[in-house]
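Inspection log for the structure reproduced underneath, given as structure tokens.
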Amino acid sequence: MMILLKLAKMSQSDFEKYWQTAVVDYANEKVKAGAWPTDHAKDNAKQEFEKLVPDGLATPGHYFYDIVASNTKVGTVWLAERSADSKEAFLYDIQISPAYQGQGFGTKTLQLIDEEAAHLGFKKLPCMRLAIIKGQFMFMKKMGLR
């Protein structure tokens, strides 16, 4: 059975859940890297995210998607314009929920992201991960992303 996979614009409620998780994940990664002390990490992460995405889901040049397979949310994507006049997109985050990893969703999602970036008018799509979640490193390595 073939599963239809698509990117769907993230709802405000999904964005709020994503935001909370992303801030905590980013703070934890900074602590693990030795960049921030534990007691200030969450506040630092929140401040960085608020500077980067001041209007949340409505921030111009930032695109947040749910990855949907047959009406089931299997992950999230954060794509952004690199700079205001750039034709270069920036993939800040791609997450496949643990229950759906290892099933080809990540590979197909990267294809969908490439198509969406082109649809938005971007000519290039370099990648940056704010945090590499356990289990996603092998996927990123497989896809040639660092």
Side-chain angles (χ1 to χ4, degrees), residues 1-33 35 41-146:
M1 182 171 100
M2 186 173 178
I3 296 176
L4 177 64
L5 192 69
K6 66 180 181 177
L7 296 180
K9 290 187 180 183
M10 194 178 282
S11 68
Q12 184 63 39
S13 63
D14 280 351
F15 175 77
E16 289 168 11
K17 291 174 197 168
Y18 170 76
W19 179 265
Q20 294 302 316
T21 301
V23 166
V24 171
D25 289 346
Y26 184 54
N28 290 338
E29 289 300 318
K30 288 295 220 173
V31 169
K32 285 180 194 173
K42 189 172 178 185
D43 288 337
N44 290 349
K46 187 176 178 187
Q47 287 174 7
E48 283 198 18
F49 272 64
E50 287 172 350
K51 284 180 192 173
L52 189 59
V53 190
D55 297 322
L57 190 57
T59 301
H62 289 262
Y63 308 92
F64 296 90
Y65 302 96
D66 288 327
I67 305 164
V68 180
S70 301
N71 296 320
T72 301
K73 181 180 167 185
V74 299
T76 56
V77 169
W78 175 9
L79 182 66
E81 186 175 50
R82 190 157 182 96
S83 64
D85 58 352
S86 175
K87 288 294 181 189
E88 187 172 275
F90 205 59
L91 180 57
Y92 276 101
D93 197 13
I94 174 175
Q95 294 186 26
I96 304 298
S97 300
Y100 300 99
Q101 292 176 7
Q103 300 176 44
F105 291 123
T107 302
K108 179 62 177 165
T109 297
L110 283 176
Q111 293 169 348
L112 293 173
I113 291 167
D114 192 49
E115 292 169 12
E116 182 65 11
H119 174 76
L120 293 168
F122 296 115
K123 305 292 182 209
K124 286 183 166 182
L125 180 60
C127 177
M128 175 187 167
R129 288 280 296 142
L130 288 178
I132 295 181
I133 309 305
K134 183 180 178 184
Q136 290 183 330
F137 177 74
M138 292 308 295
F139 162 73
M140 301 297 283
K141 185 175 176 182
K142 173 183 165 190
M143 297 309 298
L145 304 174
R146 297 173 188 245

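Only this structure's heavy atoms are used, side chains among them; waters, hydrogens and symmetry mates stay out.
- For the atom pair OG1 (T76) and CG (D93), the distance works out to 5.5 Å, reported to the nearest 0.5 Å.
- Residues meeting the side chain to side chain contact (heavy atoms under 4.5 Å, CB included) test with E16, sequence neighbours left out: Q12.
- Annotation: salt bridge (Lys or Arg N to Asp or Glu O under 4.0 Å) contacts of K9 (sequence neighbours excluded): none.
- Counting only heavy atoms from C-beta outward, the side chains of V74 and L5 approach each other to under 4.5 Å.
- Looking at K51 and E48, no side-chain N of the basic residue comes within less than 4.0 Å of a carboxylate O on the acidic one, giving no salt bridge.
- In this view, Y63 satisfies the ring-ring contact (aromatic ring centres under 6.0 Å, His included) rule with no residue, not counting sequence neighbours.
- Pairing each heavy atom of I67 with each of I94, the nearest pair is CD1-CG1, 4.5 Å.
- By the salt bridge (Lys or Arg N to Asp or Glu O under 4.0 Å) test, D14 pairs with no residue at all, sequence neighbours left out.
- Remark: E116 pairs with Y65 by the side-chain hydrogen bond (donor to acceptor under 3.5 Å, both in side chains) rule, at least two apart or across chains.
- In the displayed structure, D55 atom CG is contacted under 6.0 Å by more than 12 heavy atoms of other residues, nucleotides or ligands.
- E115 pairs by the side-chain hydrogen bond (donor to acceptor under 3.5 Å, both in side chains) definition with nothing, not counting sequence neighbours.
- To the nearest 0.5 angstrom, Y100 atom OH is 5.0 Å from T72 atom OG1.
- Atom OH of Y18 sits about 8.5 Å away from atom CG of D25, to the nearest 0.5 Å.
- The salt bridge (charged side-chain N to carboxylate O under 4.0 Å, His left out) analysis of residues 104-113, with sequence neighbours excluded, yields no pairs.
- Atom OG1 in T59 sits 6.5 Å away from atom CZ in F15 (nearest 0.5 Å).
- Between the NZ atom in K87 and the CG atom in L120 there is a gap of 10.0 Å [rounded to 0.5 Å].
- Q111 is linked by a side-chain hydrogen bond (donor to acceptor under 3.5 Å, both in side chains) to nothing, counting only residues two or more places apart in sequence or in another chain.
- The side chain to side chain contact (heavy atoms under 4.5 Å, CB included) test applied to A80 returns H62, W78, Y92, not counting sequence neighbours.
- Contacts of A117 classified as side chain to side chain contact (heavy atoms under 4.5 Å, CB included), with partners at least two apart in sequence or in another chain: L79, A89, F122, L125.
- Residue pairs meeting the salt bridge (charged side-chain N to carboxylate O under 4.0 Å, His left out) criterion with at least one member in residues 70-79, sequence neighbours excluded: D66-K73.
- Minimum heavy-atom separation, Q101 to I96: NE2-O, 2.7 Å.
- Pairing each heavy atom of F64 with each of G56, the nearest pair is CE1-O, 4.2 Å.
- For S11, the side-chain hydrogen bond (donor to acceptor under 3.5 Å, both in side chains) test picks out S13, with sequence neighbours left out.
- Remark: of the listed residues L112, L110, L91, L91 is the sole one forming a side chain to side chain contact (heavy atoms under 4.5 Å, CB included) with V77.
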